[in-house]
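Just so you know, these numbers come straight off a predicted model, no measurement behind them. The figures that follow rest on heavy atoms only: side chains count, while hydrogens, waters and symmetry mates do not. Below, read A as the first sequence line, B as the second, and so on, with proteins coming before strands; counting in each chain starts at 1.
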Amino acid sequence: MTTTHPSYARIWHTVLQIPLGKVASYGQIADLAGLPGRARLVGKALGYAPPELAVPWHRVLRSDCSLAFPAGSAMALRQRELLQSEGVLLNNNRVRKNDLWQPDLMELLFKLKY
DNA sequence: GTGATGACGGTTT
DNA sequence: TAAACCGCCATCA
């Protein structure tokens, strides 16, 4: 395809790594995808994400755990519905910090705990 | 080539 | 706690 942006595939692949029932921030996805500081690119990539990949775009939100869409928006309502179907409870337009995906920190916390 | 925009982030009021 | 401000980078007029 003419609009083949290499970084986008990277971003999609990273978003696909988010476990079910967990959420990640745009900045975190950008960082894991090897694109620090390009959080906006993640949003762009999600907009270009083909449905064949089934990218869980709804598991990606802002760094403050709020949805990237204005409350009441059609997309925001859809995202809220998808998250709740996965067990992620939302308070207005925000999710619980407990539902954040923390790959490295989770293992670190496990080691510190024991 | 310049300026404006955006599914963002972090800091400051 | 919420809102405003600035910075960042790719895309578009």
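- Rounding to the nearest 0.5 Å gives a distance of 12.0 Å between NE2 of A:His58 and CD of A:Gln84.
- If you take CG of A:Leu46 and P of B:dC8, they are 10 Å apart, rounded to a whole angstrom.
- Straight-line distance from the NZ atom of A:Lys44 to the C1' atom of C:dC8: 13 Å, rounded to whole Å.
- Shown here are the side chain to side chain donor-acceptor pair (under 3.5 Å) partners of A:Ser66, two or more places apart in sequence or in another chain: A:Asp64.
- Taking CG of A:Leu83 as the start and CG of A:Leu61 as the end, the distance is 7.0 Å to the nearest 0.5 Å.
- Taking CD1 of A:Ile29 as the reference point, atom CZ of A:Arg59 lies at 10.5 Å (rounded to 0.5 Å).
- Within the structure, the salt bridge (charged side-chain N to carboxylate O under 4.0 Å, His left out) test picks out no pair touching residues 23-45 of chain A (sequence neighbours left out).
- The phosphate of B:dG10 has OP1 or OP2 within less than 4.0 Å of a side-chain N or O from A:Ser63.
- Of the residues in residues 67-86 of chain A, those lying under 4.0 Å from DNA chain B by heavy-atom distance are A:Ala68, A:Phe69.
- Taken to the nearest 0.5 Å, the CZ atom of A:Arg78 stands 11.0 Å off from the OG atom of A:Ser73.
- Nucleotide B:dG9 holds its P atom 10 Å from the CD1 atom of A:Ile29, rounded to whole Å.
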Would you list the protein and nucleotides 1-5 of chain C atom pairs, both N or O, that sit under 3.5 Å from each other?
unit_1	atom_1	unit_2	atom_2	d
C:dA2	OP2	A:Arg94	NH1	3.4
C:dA2	OP2	A:Arg94	NH2	3.3

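- Atom CZ of A:Arg62 is separated from atom P of B:dA7 by 10 Å (rounded to the nearest Å).
- Rounded to whole Å, atom P of B:dA7 lies 14 Å from atom CD1 of A:Ile11.
- Interatomic distance, A:Asn93 CG to A:Phe69 CZ, rounded to the nearest 0.5 Å: 10.5 Å.
- Atom CG in A:Asp31 sits about 17 Å away from atom P in C:dC8, given to the nearest Å.
- Residues from residues 32-41 of chain A placing a heavy atom under 4.0 Å of any atom in DNA chain B, listed by number, are A:Ala39, A:Arg40.
- Applying the salt bridge (Lys or Arg N to Asp or Glu O under 4.0 Å) criterion to A:Glu81, with sequence neighbours excluded, gives no partner residue.
- In this structure, A:Tyr26 places its OH atom 15 Å from P of B:dG6, rounding to the nearest Å.
- Put simply, A:Val88 and A:Leu77 are part of two different groups of oily side chains (I, L, V, M, F, W, Y) that touch within less than 4.5 Å, one to the next.
- What separates CG of A:Asp64 from P of B:dA7 is a distance of 16 Å, to the nearest Å.
- The line from CG of A:Leu41 to OH of A:Tyr8 is 5.5 Å long, rounded to the nearest 0.5 Å.
- Cluster annotation: A:Leu82 is connected to A:Val15 through the hydrophobic network of ILVMFWY side chains, with a link wherever side-chain heavy atoms come within less than 4.5 Å.
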